[in-house]
Each structure stands twice: as C-alpha cells, then as structure tokens.
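Have a look at the structure below before the remarks.
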Amino acid sequence: MAYDKKQATEEFGRWSESYDRSVLQWLLFGPSHRSLIRRIDAVAGDRPITILDVGCGTGVFASRIRTALPQARVFGVDLVSDMLTRGAHRWRALAEAVHPVQGDSERLPFASGAFDFVTCANSFHHYPNQEQAASEMHRVLKPGGRLLLIDGYRDAPWGWFIYDVCVTYREGNVHHASAKRFREILDRAGFQAVAQKVHRGPAPFLLNEAIAAEPTPLYPAPHFHLRSPASVEHAAEV
Ligand SMILES: C[S@@+](CC[C@H](N)C(=O)[O-])C[C@H]1O[C@@H](n2cnc3c(N)ncnc32)[C@H](O)[C@@H]1O
C-alpha cells in the first residue's frame, strides 16, 4: 500500500511528544540544518530575506535559521498540527519573525512568488505526490529564488540500507528519491541550475539546490517595438 497523508499524520502525531529528544536530532537533523544554514548564509549575506520551511515539524530548524540569520523572516508549514503545537515555546519566543502555519506541501497556503528561499529538510520522502510538492515550492518562490531540499541519500549501499530498509521498515512505504529522480522532479517543476551535494556520515544525506525560473508565459511575448506615443496608438489599433 502506498504511503499516504493519514499515515504521516498518525506517525507524527505519535512521534511529536518525543521528537525533539530523538537520536536523529544529532545524527541527521542537526547536521542537515547546519548545511542548509551555511548555504543560505553564503547566498544571501546580510540581505533581508523571507524563507519558507516546508515540513517544519516542531520548528527546530526555523528557529535555528532565525538565530543564525537575524535578518531572516521565516514561515514554517507542516501538515501535522501536533508537531507545530509541540514547538509552541519556539514559535512564541520568536513570534515577531518566525510564523507557523498548518498546511500541506502539495497545496502550500501562500501566494505565488512570496519567498526568497524555500527549504525542506528530512520531510520530502513523506510526500505521496512529490512532483506536485516540488511544483508548489517553485510557485511560491520569487523568480530567481532558491530551493534547498535535503533528504536521505539512498544511492550508495549504506544509505540504501538505512533509508530503504530501516526507515521504510519503521515509517511504512515512504519514498526516498534517488539523486537522478530528484533532478527529474526539479526539472519538471521548472527549476534551473539544479546542483546536488552528498554529505557522507552515519546518516548520509543529499542536498538539492535549484533556482526558480521565470514562469513560462501562456502566450509568446509581443515582438513589436514602440518608438513614440503615435506608434502606441497605431499598435493599439492593429
Ligand atoms: C522528519 S520530520 C522533519 C522536521 C524538520 N524539517 C526537521 O528537519 O527537523 C518530517 C516532517 O514532515 C511533515 N510532513 C509530512 N508530510 C507532510 C506534508 N504532506 N506536508 C507538510 N508537512 C508534512 C511531518 O509532519 C513532520 O513534521
């Protein structure tokens, strides 16, 4: 049976209570967060930026971004309200700059072109429709905005064993995409300049980085050139 959102809601509803104390915090989540923050810092410098973190859980990463990059305004979206509620103390402490929203990665409750960065850490393998989620991430990014997406790296034998055997055994039929499949998904969603980096270690992970392209116009752009107000009138009559 394919993994679905009901399973995700039940799994994270149960896990929310002990989630922040999980061994995965230092084995996988912490290192992946540090890697994302390094990239955002390198790209954005001191510029004010707006970030959407998809699958934000209890807000550990969202609050780390804000602590490391005080010029950032961060929105976190998660399907499971129990996870958001568990992080209430974090959202409260940073209430002026970090905002939790309950919602689904496949239908992000944000306007198009709203964000400079979209991040997604350790969550993508839970999405039953990964192409739709990637397309939503593209939609909410400004043209030229950047996606940083981290998930378990399952292409080498050790990663395959951890993610496709152990994690799948524990979490059900989740799907860790291969590096090739990630490129396909991101290309189809309209991203450009897709780059990938493997982080080795006891829990290897893959960082996918890509730029949101300008949306393709529905009709070809006009090809005439207007030189004077007279020619504007003429063009309007044509
Ligand atoms: C392993 S946790 C990762 C949390 C956080 N990103 C981190 O790195 O600590 C995965 C999160 O994805 C969320 N999630 C699962 N399916 C989702 C969906 N369809 N839309 C949004 N969030 C989802 C879960 O509720 C959970 O909080």
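Whatever order the structure lists them in is the order used to number ligands and atoms, beginning at 1.
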Atom 1 (C) of ligand 1: closest protein heavy atom, distance to 0.1 Å, is N122 O, 3.3 Å
V80 heavy atoms within 4.0 Å reach ligand 1 at atoms 25 (O)
Quick look: F61 vs ligand 1, heavy-atom contacts under 4.0 Å, and the answer is neither
One should read off an interatomic distance between E184 CD and E131 CD, to the nearest 0.5 angstrom, of 8.0 Å
Could you check whether any heavy atom of V60 sits closer than 4.0 Å to an atom of ligand 1, since that is the contact criterion I want to use?
no
Would you check if there is a donor-acceptor pair between the side chains of T50 and R73 at a distance under 3.5 Å?
no
key: Any G103 heavy atom less than 4.0 Å to ligand 1   = yes
Here the atoms of ligand 1 under 4.0 Å from any heavy atom belonging to F12 are 1 (C), 2 (S), 10 (C), 24 (C), 25 (O), 26 (C)
Heavy-atom closest pair (D78 atom, G55 atom, distance to 0.1 Å) is OD2-C, 3.3 Å
protein heavy-atom neighbour closest to atom 21 (C) of ligand 1 works out as L79 N, 3.4 Å
Logged contact type for H33 with ligand 1, heavy-atom cut-off 4.0 Å, is side chain
Original post:
Would you call K5 and E106 a salt bridge, taking side-chain N to carboxylate O under 4.0 Å as the test?
Top reply: yes
among protein heavy atoms, the one nearest atom 19 (N) of ligand 1 is D104 OD1, 3.1 Å
Sub-4.5 Å side-chain heavy-atom contact between F75 and P100: no
Ligand 1 to M83, heavy atom cutoff 4.0 Å, flagged ligand atoms 27 (O)
| field | Proximity of H176 and H125 rings by center, below 6.0 Å | value | yes
- Quick one: are the ring centres of Y163 and Y153 less than 6.0 Å apart? no
The closest protein heavy-atom partner of atom 9 (O) of ligand 1 is Y19 OH, 3.1 Å
the protein heavy atom lying closest to atom 17 (C) of ligand 1 turns out to be Y127 CE2, 3.4 Å
Using a 3.5 Å distance criterion without hydrogens, assess whether the side chain of R90 forms a donor-acceptor pair with backbone atoms of T58. yes
field: N/O separation below 3.5 Å, W15 to ligand 1
entry: no
Next on the checklist: Treating R66 as the side-chain partner and P70 as the backbone partner, does any N or O pair qualify as donor plus acceptor under 3.5 Å?
Outcome noted: yes
One finds that the ligand 1 atoms under 4.0 Å from a non-hydrogen atom of G57 are 27 (O)
- Geometric N/O contact V77 with ligand 1, under 3.5 angstrom: no
Does any N or O of ligand 1 fall below 3.5 Å from an N or O anywhere on D78, backbone included? yes
ask   = Any N or O on H126 sitting closer than 3.5 Å to an N or O of ligand 1?
value = no
Next on the checklist: Using ring centroids (six-membered ring only for Trp), state whether F12 and H126 fall under 6.0 Å.
Outcome noted: yes
among protein heavy atoms, the one nearest atom 14 (N) of ligand 1 is S123 OG, 3.8 Å
* Asked: Between the side chains of D155 and S178, does any donor sit under 3.5 Å from an acceptor?
  -> no
min-distance protein heavy atom vs atom 20 (N) of ligand 1 -> S105 N, 2.9 Å
### Task
Please confirm whether Y19 and F29 have ring centers closer than 6.0 angstrom.
yes
closest protein heavy atom to atom 5 (C) of ligand 1 is G55 O, 3.4 Å
